[in-house]
Amino acid sequence: MAMRESIREILARPEAGGEVSVQGWVRTARHGKKVSFLEVNDGSSLSGVQVVVGPECPGFDTEVRGLGTGCAVEAMGKLVESPGQGQIYEVHAQTVEKIGGVEEGYPLQKKRHSFEFLRTIAHLRPRTNTIGAVLRVRDSASRAIHDFFHERGFVQLHAPLITLSDAEGAGQMFRVTHLDPSDVPKDESGETDWSQDFFGDSAFLSVSGQLEAEIGAMALSRVYTFGPTFRAENSNTARHLAEFWMVEPEVAFCDLSELADLAQAFLQSVFVRVREECEEDLAFFDQRIDDSVLSTLANVTEEPFEKITYTQAVEILEGAQRDFEFPIGWGTDLQSEHERFLTEEYFRRPVIVTDYPKGIKAFYMYLNDDDRTVGAMDVLVPRIGEIIGGSQREHRLSRLQGRIADHGLSEEDYWWYLDLRRYGSVPHAGFGLGFERLVQFITGMANIRDVIPFPRVPGSAEF
RNA sequence: UCCCCGGUAGCUCAGCUGGUAGAGCAGGCGGCUGUUAACCGCCUUGUCGUAGGUUCGAGUCCUACCCGGGGAGCCA
């Protein structure tokens with residue numbers, strides 16, 4: 001098919017004049033006796049184009065005057081400078097065709113809707129200003145991520161979605177099975193016999209591509225994954241999804257300090273790109289959603305992130321003139337309120353916290369020389385909290401075996417992961433970025449369910 | 001999963017200490033205008049989340065459940 005000029009492209013023309021064809025959906029229509037104004041949007045930009053229709057247009061008194069919010073139309077006419085306010089150009093229509101009408105009861109109105117309501121009509125909400133802008137920013141950020149890594153010699157590794165291991169032992173997993181729920185095979189002890197299942201073993205949806213990314217890094221040096229991830233946690237918050245997209249770079253010959261530098265460069269690069277590509281959308285978010293969006297983005301791209309150790313973070317929190325709901329002490333994990341204090345009040349910018357106590361972190365993290373802390377790293381940002389979690393990996397076989405034992409895990413389940421330490425093991429590190437949290441941070445959207453087109457959360461997966 | 005708040009017209013919401021449901025917007029009709037969340041007039045719309053209970057009487061009080069929101073935990 002011939003690609004028609006989008007409204008974004010029409011509006012970007014250097015000057016008026018010439019014929020244009022506009023295809024899109026009517027956002028609002030204002031009908032007069034001698035003239036109708038149709039604001040048409042095709043999703044290519046936040047702005048639509050105003051189509052002006054006069055009585056000389058065929059069907060003016062019949063079809064055109066019946067056009068309302070939501071109708072799909074195709075208009076052809078001349079692009080002229082607009083005498084009215086609010087737009088540079090407008091289209092003086094020679095013909096207007098109704099492609100798709102709107103039945104009574106179209107739920108989207110030309111007024112503000114609550115995001116809660118829009119979630120109940122997720123099949124229509126991309127047609128709103130806010131969700132449309134979110135989806136464009138999401139796309140821009142996604143491409144910026146791929147470009148960042150490719151510019152630095154990373155290879156994208158497609159990690160599997162189905163896995164037998166429960167990766168980091170982190171969280172509940174969704175089971176993947178081919179067994180008939182009403183006729184499950186049992187073994188001698190009466191337990192489900194998973195050996196008869198599709199994969200010959202108990203299988204799950206992946207909660208992380210990290211372990212597979214480590215395989216890739218041990219061959220290709222620099223890899224990243226970018227794909228959906230699944231957590232069956234019964235989490236009901238504005239920053240958790242059961243299905244979300246995660247970016248996981250993994251780098252060979254890399255220590256924690258280099259990883260932290262990578263994380264900062266990565267985030268700043270993405271922010272810069274989205275600022276360039278989505279100027280209009282970001283201005284909209286700043287104006288209508290959160291008036292700190294533009295200033296925050298400017299701030300985080302120009303200033304280096306704060307970098308402190310967990311121990312230093314605890315000292316700051318202990319010295320804070322502040323009553324925390326949860327007491328702070330070395331050895332316990334930082335609570336949301338502690339993270340927010342550090343990034344929103346104390347430093348007022350992104351903070352990278354490193355070297356956490358080994359007791360509160362995963363088995364695969366590098367054991368530091370102090371024998372008390374591991375090479376873990378969290379990147380905290382204002383309003384969102386943890387946006388990145390990563391670590392230098394334990395690449396020394398005996399240490400890793402010790403950590404597996406300490407965590408009550410079985411070496412058999414990680415035989416290939418241990419093999420990586422037997423054959424040409426090198427220091428390596430990687431992190432995971434919650435893509436939706438990144439989009440939340442950029443747009444100022446308060447609820448993670450509104451930055452993914454089709455949110456999956458406990459009790460809800462309709463669309 | 002825990003704590004708190006809420007569920008009234010298609011949407012946003014009002015309805016005080018129990019007395020039998022309203023506004024704006026949307027929709028329909030008409031008018032007017034180079035309009036821009038256009039404007040003006042008239043009209044339509046409800047098992048007041050569900051199921052019980054208290055009461056002469058429940059949108060309003062009580063119980064349970066369902067759904068939504070905010071916060072917490074878990075994390076990205």
Which one is paired to [N], where only Watson-Crick or G-U wobble pairs with both distances under 3.5 angstrom count?
N: B/U20; value: none
N: B/A14; value: none
N: B/U35; value: none
N: B/C42; value: B/G28
N: B/A51; value: B/U63
N: B/C2; value: B/G71

So for [X] and [N], does any side-chain atom that can act as donor or acceptor lie under 3.5 Å from a complementary atom in the base?
X: A/E337; N: B/G71; result: no
X: A/H31; N: B/G31; result: no
X: A/Q50; N: B/U35; result: yes
X: A/S235; N: B/C75; result: no

Between [M] and [N], how far apart are the [atom1] atoms? Round to whole Å, please.
N: B/A21; M: B/U47; atom1: C1'; answer: 14 Å
N: B/G10; M: B/G18; atom1: P; answer: 29 Å
N: B/G28; M: B/G68; atom1: P; answer: 32 Å
N: B/G52; M: B/G46; atom1: P; answer: 23 Å
N: B/C4; M: B/C42; atom1: C1'; answer: 46 Å
N: B/C75; M: B/C13; atom1: P; answer: 35 Å
N: B/G59; M: B/G41; atom1: P; answer: 33 Å
N: B/G31; M: B/A38; atom1: C1'; answer: 14 Å

Send over the distance from [X] [atom1] to [N] [atom2], rounded to a whole Å.
X: A/N236; N: B/C2; atom1: CG; atom2: C1'; answer: 11 Å
X: A/M445; N: B/G69; atom1: CE; atom2: P; answer: 13 Å
X: A/R65; N: B/U35; atom1: CZ; atom2: P; answer: 16 Å
X: A/Q335; N: B/G71; atom1: CD; atom2: C1'; answer: 13 Å
X: A/E233; N: B/A72; atom1: CD; atom2: C1'; answer: 14 Å
X: A/M173; N: B/C74; atom1: CE; atom2: C1'; answer: 15 Å
X: A/R119; N: B/C11; atom1: CZ; atom2: P; answer: 16 Å
X: A/K33; N: B/G34; atom1: NZ; atom2: P; answer: 11 Å

Any [X] side-chain N or O less than 4.0 Å from OP1/OP2 of [N]:
X: A/T28; N: B/U36; result: no
X: A/R239; N: B/A72; result: yes
X: A/T237; N: B/G70; result: no
X: A/R27; N: B/A37; result: no

Map A/Q87 and A/N234 onto RNA chain B by nearest heavy atom, then report which one ends up closer to the 5' terminus.
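In this pair, the answer is A/N234.
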Name the residue closer to the 5' end of RNA chain B, choosing between A/H113 and A/E39 according to the nucleotide with the nearest heavy atom.
A/H113
Under 4.0 angstrom, heavy atoms only, what part of the nucleic acid is [X] near: base, sugar-phosphate, or nothing?
X: A/L108; answer: nothing
X: A/G84; answer: base
X: A/I387; answer: sugar-phosphate
X: A/E243; answer: nothing
X: A/F37; answer: base

Using modelled atom types only, decide if a donor and an acceptor are shared between the side chain of [X] and the backbone of [Y] within a distance under 3.5 Å.
X: A/R273; Y: A/A141; answer: no
X: A/T237; Y: A/R239; answer: yes
X: A/Y310; Y: A/G331; answer: yes

Under the criterion side-chain contact (heavy atoms from CB on, under 4.5 Å), I'd like the reasoning laid out for A/L317 against A/F324: C-alpha separation, chi angles, the key distance, then a yes or no.
CA-CA 9 Å; A/L317 291 164; A/F324 292 113; 3.7 Å; yes
Among [options], find the nucleotide with the atom closest to the side chain of [X].
X: A/S336; options: B/G34, B/C75, B/U12; result: B/C75
X: A/F326; options: B/A76, B/G34, B/G73; result: B/G73
X: A/E339; options: B/G34, B/C75, B/G70; result: B/C75
X: A/R30; options: B/U35, B/G34, B/G69; result: B/U35

Less than 5.5 Å between centroids and less than 30° between ring planes, does A/F435 satisfy that with B/A76?
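It does not: the ring fails the test against the base of B/A76.
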Salt bridge between A/E243 and A/R231, side-chain N to carboxylate O under 4.0 Å?
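A salt bridge is absent here (no side-chain N lies under 4.0 Å from a carboxylate O).
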Is the distance between the ring centroids of A/F347 and A/F305 under 6.0 Å?
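They do not qualify: ring centres at least 6.0 Å apart.
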Taking all atoms of both residues into account, what is the closest heavy-atom pair of A/Q94 and A/E19, and its distance?
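So the minimum-distance heavy-atom pair works out to OE1-OE1, 3.2 Å.
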I would like to know whether A/V223 and A/F149 meet side-chain contact (heavy atoms from CB on, under 4.5 Å); could you show each step before the answer?
CA-CA 8 Å; A/V223 300; A/F149 287 124; over 6 Å; no
Less than 4.5 Å apart, side chain to side chain, heavy atoms only: is that true for A/S6 and A/D42?
yes
